[in-house]
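Structure, as structure tokens:
Proteins come first, then strands; the chains are lettered A, B, ... in the order of their sequence lines, and each starts at number 1.
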Amino acid sequence: MKKNAKHDYVAILFDSTRCIGCRSCEEACADENNSRKRLWTEKSTNSKRKPPQGLSADKWLHMNYHKLPMADESKRRPFDWEEATELMEEKQYTFVRNACMHCVEPACESACIVGALKKQENGAVIYDPDKCMGCRYCMIACPYKIPKWEWHEALPYVRKCTMCYPRQQEGKIPACVEACPGNGVDGEALVFGSRYQLLYEAEERIHKNKDRYYPHVFGRDELGGTGVLFLLPKDFTPVMAGFPENLGKRPIPSYSRSPQATVPYWVGGLGTFFASLTWIIQRRQKLMSDKEEETSEKGGK
Amino acid sequence: METTQQPKGLFKQLIQGPGQAFKYHPIFTSLFVLSALAFLGVAVYRFSYGLGVTGLNDNTAWGLWTAFKLSLVVVSGCAFVLTGMVYVFKMEAFRPLCRSAALMGLLGYSTFAITLVFELGWPWRIVHPIWMHNYHSILFEIAWCVMLYLTVLSLEFVPNILEKFNKTGLVKWYKKLIPSFVIAGIILSVLHQSSLGSLFVVSPYKLNHLWYSPWIGPFFIISAVFCGLALVILMEIFMARFNKRKARLSLLSKLAYYSIPFLGLYLGFKVMDVLERTPAREAFGRMDFFTLIYILEIGGGILLPMILFGIKKIRESIRGLVFTSLLVVLLAGALNRLNVSVIAMDHSPLGYSPTFVEYLYVPATLMLVIGIYIILTRLFPIDPEGTPQ
């Protein structure tokens, strides 16, 4: 991965205070990635398993609803899709985008044994199905649990959001961003653009409206930064939004880099150590047996 | 050996070779055939329907088979430990056990590879790491080490074949190469045994902090030493019982004795590790299911065997050795690997329960491996002292 290319990465800014929960992005994603058909057939839900709730191999973008902290919990109504927008206006619930984060330093890329998952020059992390051998180490490595597996297939692939890389190659913006209608106030819940500009814009939004936002752009430096930036409502912590607890700034690949970098030294060091040990012990034994022979010869005389 | 007449034909030579009389053994044969059938059944079912036949899901990408694989590798540490003792440290007393340990290693790693084929989504792409490289991946290093180590173990097996067919000159020449194989084997073992632990350093936000440690690599390699020793003890006692001979108790109690410092080292490191890291202390203080299973693993698999092996009377009795070695292999070896790869990984406790196929695969494969081990010890001069002539 080119370190100096980080500035050029594209990103998606998700402002959950502006999201109205219409799920147009989900639909657009399913249409674009040709998974709508598969999602709504019975085959995708293996009869032994529950139907996919949240992300699955056939659903690369999922909008999770979460309870917003309320002063009076007794007023909270149970969630209902019919009145989702109302509930959100009343600040009872909020939506959070759940899809690949396109990390600046992706754990899956560093984990993949054959390099099937690769960070592209524009920042999208995409998957090469021809390389994948199906070890599922990416699923273990991803801290956000994004890569999903086609459990129902005899020859399965890993599936996840590509940030619409093919569309981007054609000069278009990701389908979910295009589909996002916004709430008619000032702009849309999803914005696509250069990561640096979006970070600037996100900070600006927080600065201008401190009562509305949680005072941190999630994804600015979590695990080295992500390609999807999150603006969350006030008093709504990233942990409430379903992100892992105590996320540090250290990128996941750096955890495996240190043991990996020392491999040549271990080979050289251990090789020299055991070879010389063998030689020394052999020589000592030989000297001892020579000595014994000598003494026995002397004794013989 | 030289006195027996060599029958004509390779196959006849193989099965009628010097003194390796085959006798029909009803229990052994039926178990072997049954497990072979079960194995075949699982293979057909899994390869025709894909991994949907297992209980795995998106939250639990690795399950029982992964834990089984890791456990196989940890007990296969016996190969590098015993060959190292004999060829590097020149403990000639253990030479009779050396070849059987190397064979156990070879079979263990072969089973590892076969289980991996069962687990992979695209089984025939198992060779991809040979020409598709990602140097950042720990799994990539493991793939190469295991491939190379399987080669080394096969090379270490060659003298058995040469001796079987009485190629005395070749054997003499070949045996000069063995020490270099042994050293290569030790290096490769240290690398991939520890890397199998380091596999999990990339999941600091998923693995329970009692097990997640920056030192998980060293833990894995140390546990390979004492689990390997315990497997040698178990296998020798089992083979003695099977062949109706006396087990070489003096050797075994020495092996048990040697494993005490490694158990102690591991115990010390583990305790320090939990005391040192704040999240681990917190996880221990929670006293939940994970703490209990951690205590079972460390107390039952490390501390108790340390005490038991330390008592001379237990160390020198067959029952004591079997019981204690079983504790080590099952609790410190298998349970630890199961915890790291499945139980303590981040998912709801009921999110994964292995299906019947997954369960069936484990005992069937184990039985098959033991059967193949017995057959090979009869066919080749692996352990001429311990096999009926």
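- For the pair K119(A) and Y9(A), the cation sits on the ring face: its NZ or CZ lies under 6.0 Å from the ring centre, inside 45° of the axis.
- In this structure, H133(B) and W144(B) have perpendicular ring planes: the angle between them is above 60°, well past the 30° mark.
- Put simply, of G248(A), P147(A), G269(A), the one with the most heavy-atom pairs under 4.5 Å next to chain B is G248(A).
- Under the 30°/60° scheme for interplanar angles, the aromatic rings of Y255(A) and Y212(B) are found to stand perpendicular.
- Contacts between L191(B) and chain A at a heavy-atom distance below 4.5 Å involve the side chain alone, from C-beta outward.
- Within the 3.5 Å criterion, the main-chain N or O of E109(A) finds no donor-acceptor partner in the side chain of H136(B).
- Per-residue counts of heavy-atom pairs under 4.5 Å with chain B were compared for V114(A), L223(A), L270(A); the largest is that of V114(A).
- Side chain of R97(A) to backbone of F14(A): no donor-acceptor contact under 3.5 angstrom is found.
- Between the side chain of K90(B) and the backbone N or O of Y87(B), at least one donor-acceptor pair lies under 3.5 Å.
- Using a 4.5 Å cut-off between heavy atoms, P251(A) does not touch chain B at all.
- Ring geometry, W211(B) versus F290(B): the interplanar angle exceeds 60°, so the pair is classed perpendicular (tilted spans 30 to 60°).
- In terms of heavy-atom pairs under 4.5 angstrom with chain A, the leader among P279(B), G121(B), P214(B) is G121(B).
- Neither the backbone nor the side chain of L116(B) comes within less than 4.5 Å of any heavy atom in chain A.
- Counting heavy atoms from C-beta outward, I186(B) and F273(A) have side chains that stay 4.5 Å or more apart.
- Between F181(B) and Y174(B), the two ring planes are tilted [angle within 30° to 60°].
- The contact between S48(B) and chain A is made entirely by backbone atoms, counting heavy-atom distances below 4.5 Å.
- Here the side chain of N134(B) pairs a donor or acceptor atom with the backbone of C112(A) at under 3.5 angstrom.
- The contact list for residues 279-287 of chain A toward chain B, using heavy atoms and a distance under 4.5 Å, reads I281(A), Q282(A), Q285(A) by residue number.
- Using non-hydrogen atoms only and a strict 4.5 Å limit, the part of residues 134-141 of chain A facing chain B consists of G134(A), C135(A), R136(A), Y137(A), M139(A), I140(A), A141(A).
- Listed options G217(B), G50(B), P129(B) were ranked by heavy-atom pairs under 4.5 angstrom with chain A; first place goes to P129(B).
- Looking at V88(B), both its backbone and its side chain come within 4.5 Å of chain A, counting heavy atoms on both sides.
- By the side-chain contact (heavy atoms from CB on, under 4.5 Å) test, A241(A) is found to be paired with V96(A), L232(A), F236(A), F243(A), residues two or more places apart in sequence or in another chain being considered.
- At a 4.5 Å heavy-atom cutoff, the contact between F89(B) and chain A is made by backbone and side-chain atoms alike.
- Contacts of I183(B) with chain A are made by side-chain atoms alone, with heavy-atom separations under 4.5 Å and no backbone atom involved.
- Residue contact with chain A, scored on non-hydrogen atoms closer than 4.5 Å, is absent for W131(B).
- With chain B as the partner, the residue from N246(A), V263(A), L247(A) showing the most heavy-atom pairs under 4.5 Å is L247(A).
- When the candidates P253(A), G115(A), C142(A), C132(A) are compared by the number of heavy-atom contacts under 4.5 Å with chain B, C132(A) comes out ahead.
- In terms of modelled atom types and a separation under 3.5 Å, the side chain of E358(B) and the main chain of G55(B) share a donor-acceptor contact.
- The aromatic ring centroids of Y109(B) and H192(B) lie less than 6.0 Å from each other.
- A donor-acceptor pair under 3.5 Å links the side-chain atoms of N33(A) to the main chain of C29(A), judged by distance alone.
- The ring pair (Phe, Tyr, Trp, His ring centres under 6.0 Å) analysis of residues 104-136 of chain A, with sequence neighbours excluded, yields no pairs.
- With hydrogens and angles disregarded, no donor-acceptor distance shorter than 3.5 Å links the side chain of W60(A) to the backbone of R159(A).
- With a threshold of 4.5 angstrom between heavy atoms, P244(A) approaches chain B through side-chain atoms but not through N, CA, C or O.
- In this structure, R337(B) satisfies the cation-pi test against F220(B), with its NZ or CZ atom closer than 6.0 Å to the six-membered ring centre and inside 45 degrees of the ring normal.
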